[in-house]
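Ligands are counted one by one from 1 in listed order, and the atoms in each one are counted from 1 as well. By convention here, the first residue in the shown sequence is residue 1.
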Amino acid sequence: MGKVFVLREPRKRDREWNIYALREAARLKRWLDGVYYSPRLQRLLAVFRPTPGTHVNMLVFEEMGESVLADAYRMECPRGCNRCCVIHSGAFILDVEVRMLPDEARSIVLRQPRETVVTPGGKVRVYKLDTEAMGRCIFFDVESGGCKLEAYGKYLKPIVCLLTYCTVFASRNNKLFLKSGYKELRDGSVLINYREVDEKQWKRMVDRMGSVWRRYRKVLRSQRVGAEVTR
Ligand code: SF4
Ligand code: SF4
């Protein structure tokens, strides 16, 4: 079995380091395989498979044998949930990612509020994307329930959005699972329990999670109608 590169875990109360690590991960995002939960390591693993010869910053990545994924659950982000995009999204994008965007999307980002974070690897510009009503991301299409950046290619989405750490939905060996329990242990590791579900139960959960987005859409639609009536 081969090797994979896993992003080291974020450091507690060290935002500068974590932004630095995210920037390094963003450079490799086209090689992101996915985020897994390893019951053996009791830990989430953001797994990258860069082509041989690609420079990997070992300060923020560690190498692991692929066998670590044998019993791991893959984190899923099913279409229709949208919880991370619609309210209090906290979404942001890093300068290195903005440079990868097509002109049209880049010019939208460059009009957003930004801050410069001084990291151990130099200055990183961080652009806020959560500037619409109630923290909605500027790239979230409320009507269709999708990320507008996906039209340019999945890996042009911000690295924070690609790293699916929400852990609600998972898959393993073509089977579907939902989280049934979560506990943070004293040493910082996490114990996540999953139960296998059928498609119907899975869709029901997507529907439940997506209720926030649908309510938001309803309010937005009624506001639009109201604005048209008063015109
Ligand atoms: S809560 Fe989970 S499934 Fe829903 S949008 Fe966020 S990452 Fe995806
Ligand atoms: S960039 Fe896309 S995936 Fe990320 S929060 Fe915005 S709409 Fe959601």
Practice problem: Please check if Met100 and Ile138 belong to a single hydrophobic cluster, counting links between Ile, Leu, Val, Met, Phe, Trp and Tyr side chain heavy atoms closer than 4.5 Å. | Solution: yes
Quiz prompt | Pairing of Glu97 and Lys29 as salt bridge, 4.0 angstrom limit | solution = yes
Quiz item: Is any side-chain N of the basic residue among Asp33 and Arg49 closer than 4.0 Å to the acidic one's carboxylate O?
Solution: yes
Quiz item: Ring centroid separation for Phe61 and Phe48, is it under 6.0 angstrom?
Solution: yes
Practice problem: May I ask you to determine how many protein N/O/S atoms are under 2.8 Å from atom 2 (Fe) of ligand 2? | Solution: 1
Practice problem: Test the Arg11-Trp17 pair against the cation-pi criterion, namely NZ or CZ under 6.0 angstrom from the six-membered ring centroid and within 45° of the ring axis. | Solution: yes
Give the table of side-chain donor-acceptor pairs shorter than 3.5 Å for residues 169-177, with sequence neighbours excluded, one pair per line with atom names and distance.
| from | atom 1 | to | atom 2 | distance (Å) |
| --- | --- | --- | --- | --- |
| Ser171 | OG | Glu76 | OE2 | 2.5 |
| Arg172 | NH1 | Asp71 | O | 2.8 |
| Arg172 | NH2 | Tyr73 | OH | 3.4 |

Quiz prompt | Element-labelled atoms of ligand 1 that are located less than 4.0 Å from some non-hydrogen atom of Thr164 | solution = 7 (S)
Self-check item: Arg30 CZ: over 12 foreign heavy atoms closer than 6.0 Å
Solution: no
Quiz prompt | Check ion pair Lys200-Asp198 (N to O, under 4.0 angstrom) | solution = no
Quiz item: Which count of protein N, O or S atoms is obtained for distances strictly below 2.8 Å from atom 4 (Fe) of ligand 1?
Solution: 1
Self-check item: Of all pairs that satisfy salt bridge (Lys or Arg N to Asp or Glu O under 4.0 Å), the ones with a partner from residues 113-123, not counting sequence neighbours
Solution: Arg15-Glu115
Exercise. Please determine if Asp207 and Arg204 form a salt bridge, counting it only when a charged side-chain N lies under 4.0 Å from a carboxylate O.
Key: no
